[in-house]
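Written out below as structure tokens is the structure these notes cover.
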Amino acid sequence: MALEEAAAGVVILGAGQAGGRAAEALRGKGFAGAVTIVGDEVHPPHERPSLSKDMLLDLAAEKLVWVRPPDWYAANDIALRLGVAARGIDREQCRVLLDDGSTLQYGALILATGARPRALPVPGADHLRCRMLRTIEDSRALRVALADAARLVVIGAGFIGLEVASAARRQGCTVTVLEIGALPLARCVPPEIGAFYAELHARHGVDLRLGSAAVAIHDRAGRAVVETSTGDALEADLVVIGIGIVPNDELAAASGIAVNHGITTDEFGMTTDHAVFAAGDVSRHYNPLLGRHVLLESWQNAQNQAIAVARNIVGPPTPYAEIPWFWSDQYGINLQITGLPVANGRVVMRGTPGDGPALALQISEDRLVCAVALDAPRELRAAKEIIARRGAVPEATLQDCSISLAEIYRGMRRPSSIAS
Ligand SMILES: Cc1cc2nc3c(=O)[nH]c(=O)nc-3n(C[C@H](O)[C@H](O)[C@H](O)COP(=O)(O)OP(=O)(O)OC[C@H]3O[C@@H](n4cnc5c(N)ncnc54)[C@H](O)[C@@H]3O)c2cc1C
């Protein structure tokens, strides 16, 4: 898309992290046309990771993280239309229809509508004691509820569920986590790390029930009772449901743009309509480094893909090509993941989880494809470089803890120096 074509202005749907970063990058790249951000939440663009971490711990301190200070938008001539949802895209007329009846004309449209928590498809999941976590309001309400709750049931041992469990244990709640799979975090980390998180939560007093699903929730004198597939009935003051997300791709789909559980984009962030781009949790983009389309639910992707899309609207197209990166904090342990795990990769451990810095390196076809670091951020950075280089690395070399990953990476440019 050339700058002149976007001269009618850029409209950004979604005032989350990706929406805010896209607007910031447009101005940063010298785009002087109109920029409008439409957001159905009432808040200016903000980041979400603190909502399941620091925000839940401290009743007195709100740790909101704005993409830019709220007054930055007006100062940079960016119109913020908050508390209003887009309800249609007229691609022929290049217009967006808003639910207050107004319309916005665009030269280029960026869809940054993010995702929403997946609803639990069981009877009673709308019980008053059940919560999900996505927004500032969700986090505020959960923080207050946790302070009063004696018994918490978390449904889903993904990152959100486990971070909530960690915060709740710190506040002295009795916590039961139900996980349908055989290990926690199974979608995101190799089994060795999943097993460590199972043990970590157990050590902190969480009753983690693997292979157990919630099948119904009913009321008992105002409390929720969660019935499980293994025949238990767990009474709770509070139930937190964290079973994944659903990308908000319906507007795109209704306008005829290709979606596939997320809006399909190419490596430039462009959808099947050349005037329409997508970024962040809602996009399933082609990643040239991985050689496939991926949907990433991560801070890094929300920021950097949005910046790439803005760059591609303003200047010559440059592919967005990054190795995925994600982090989580639980019980004071920092976990970072780079790359994407594969189903049958071999895992090499460096160090022992729970006993100082440790790394799990997953190898597939002689290449490093995924690394998970526990309190080892520097090694993780080197692992990311190795994954991006996509060269063969002997497993024995990865196993040899006397060679740092940075050395292995440097050696990949001179393969003879590390080959074993
Ligand atoms: C509780 C929590 C903790 C997290 N922790 C981490 C972490 O530790 N590390 C990490 O890497 N990632 C983390 N993430 C993921 C990260 O926050 C997301 O990947 C990121 O927020 C995605 O940004 P986004 O802009 O694509 O979507 P969002 O931030 O969801 O923003 C999309 C916005 O669009 C709005 N919208 C939707 N439809 C419309 C419409 N029709 N009209 C107008 N507006 C609309 C939505 O309401 C929302 O405000 C966390 C996420 C959550 C929820």
Side-chain angles (χ1 to χ4, degrees), residues 11-24 36-56 63-67 80-89 96-100 104 109-118 131-140 142-143 158-164 166-167 188 240 242 244-255 262-263 269 278-285 295-307 309 322 324-330 334-338:
V11 172
I12 300 169
L13 300 187
Q17 187 186 349
R21 288 294 173 207
E24 177 193 44
T36 305
I37 306 179
V38 178
D40 60 2
E41 295 187 81
V42 294
H43 309 285
H46 53 280
E47 297 181 1
R48 300 191 192 272
S50 67
L51 302 184
S52 54
K53 303 179 185 66
D54 316 15
M55 276 274 289
L56 294 181
K63 305 240 167 68
L64 296 180
V65 181
W66 305 117
V67 168
L80 272 183
R81 300 279 301 268
L82 299 176
V84 56
R87 64 176 167 82
I89 302 168
V96 177
L97 316 159
L98 306 187
D99 69 0
D100 64 0
L104 290 170
L109 177 65
I110 302 177
L111 301 176
T113 45
R116 58 186 181 275
R118 193 151 77 82
R131 301 265 194 287
M132 300 209 266
L133 178 51
R134 182 81 193 178
T135 65
I136 290 174
E137 287 72 21
D138 294 340
S139 179
R140 283 177 179 155
L142 188 54
R143 183 173 44 161
F159 282 111
I160 300 277
L162 292 189
E163 287 182 356
V164 171
S166 165
C188 312
V240 173
I245 61 157
V246 178
N248 294 320
D249 60 10
E250 291 84 356
L251 276 180
S255 74
I263 302 170
D281 283 10
V282 76
S283 90
R284 181 174 293 279
H285 69 278
L295 183 140
L296 301 172
E297 307 154 34
S298 83
W299 179 96
Q300 176 209 31
N301 182 62
Q303 170 169 299
N304 293 349
Q305 195 189 14
I307 293 170
V309 160
E322 286 192 8
W325 174 77
F326 183 89
W327 88 95
S328 172
D329 293 316
Q330 294 167 46
N334 173 255
L335 167 144
Q336 296 190 29
I337 308 172
T338 188

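We count ligands from 1, going down the list as the structure has it; atoms in each ligand are counted the same way.
For the pair D99 (side chain) and A85 (backbone), a donor-acceptor distance under 3.5 Å is present. Of the possible polar contacts, one joining the N248 side chain to the T113 backbone as a donor-acceptor pair under 3.5 Å is found.
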Residue pair E163, S52: steps toward the side chain to side chain donor-acceptor pair (under 3.5 Å) verdict = CA-CA 6 Å; E163 287 182 356; S52 54; 2.6 Å; yes
Test log, rule side chain to side chain donor-acceptor pair (under 3.5 Å), inputs E137 and S139 | CA-CA 5 Å; E137 287 72 21; S139 179; over 6 Å; no
For side chain to side chain donor-acceptor pair (under 3.5 Å), just list the numbers for D138 and T135, CA-CA rounded to whole Å, side-chain angles, deciding distance to a tenth of an Å, and then say yes or no.
-> CA-CA 5 Å; D138 294 340; T135 65; 3.2 Å; yes
In sequence, state the C-alpha distance, the side-chain angles, and the governing distance for I245 and R116, and then conclude on side-chain contact (heavy atoms from CB on, under 4.5 Å).
-> CA-CA 5 Å; I245 61 157; R116 58 186 181 275; over 6 Å; no
Kindly determine whether Q17 and H46 satisfy side-chain contact (heavy atoms from CB on, under 4.5 Å), including the steps that lead there.
-> CA-CA 5 Å; Q17 187 186 349; H46 53 280; over 6 Å; no
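If you look at W327 next to ligand 1, the close heavy atoms, those under 4.0 Å, come from the backbone and the side chain alike. Of the heavy atoms in N248, only side-chain atoms (C-beta onward) come closer than 4.0 Å to ligand 1. If you look at V282 next to ligand 1, there are no close heavy atoms at all, none under 4.0 Å. Looking at N301 against ligand 1, nothing comes within 4.0 Å, counting heavy atoms.
Those atoms of ligand 1 that come under 4.0 Å of a heavy atom in A85, given as number and element, are 42 (N), 43 (C). Residue G16 has at least one heavy-atom neighbour below 4.0 Å for each of these atoms of ligand 1: 25 (O), 29 (O), 31 (O), 33 (C). Numbered from 1 in the order shown, with element, the atoms of ligand 1 that lie under 4.0 Å from a heavy atom of I160 read 1 (C), 2 (C), 3 (C), 52 (C). The atoms of ligand 1 that sit less than 4.0 Å from any heavy atom of A112 are 32 (C), 33 (C), 34 (O). Near V38, the atoms of ligand 1 lying under 4.0 angstrom from a non-hydrogen atom of the residue are 43 (C), 44 (N). Under a 4.0 Å criterion applied to the non-hydrogen atoms of Q17, ligand 1 contributes the atoms 20 (C), 21 (O), 23 (O), 25 (O), 29 (O). The contact set between ligand 1 and G280, taken as ligand atoms under 4.0 Å from a residue heavy atom, comprises 26 (O). The K53 neighbourhood of ligand 1 comprises atoms 5 (N), 6 (C), 7 (C), 8 (O), with distances under 4.0 Å to a heavy atom of that residue.
Here's the thing with A18: one of its N/O atoms is less than 3.5 angstrom from an N/O atom of ligand 1. Remark: ligand 1 and E41 share an N or O pair separated by less than 3.5 Å (distance only, no angle test). The distance criterion of under 3.5 Å between nitrogen or oxygen atoms is met by A86 with respect to ligand 1. Considering backbone and side-chain atoms together, E163 places no N or O closer than 3.5 Å to any N or O of ligand 1.
Nearest protein neighbour of atom 4 (C) of ligand 1, counting heavy atoms only, is P49 CA, 3.5 Å. Among protein heavy atoms, atom 3 (C) of ligand 1 sits closest to S52 OG, 3.2 Å. The closest protein non-hydrogen atom to atom 35 (C) of ligand 1 is D40 OD1, 3.3 Å.
Under a 4.0 Å heavy-atom criterion, L251 is in contact with ligand 1.
With sequence neighbours excluded, the residues satisfying side chain to side chain donor-acceptor pair (under 3.5 Å) with E41 are R48.
In this structure the side chain of C188 never reaches within 4.5 angstrom of the side chain of F326, judged on heavy atoms. Under the 4.5 Å side-chain criterion, counting only non-hydrogen atoms from C-beta, L56 is in contact with V164.
To the nearest 0.5 Å, atoms OG (S255) and CD (E250) are separated by 11.5 Å.
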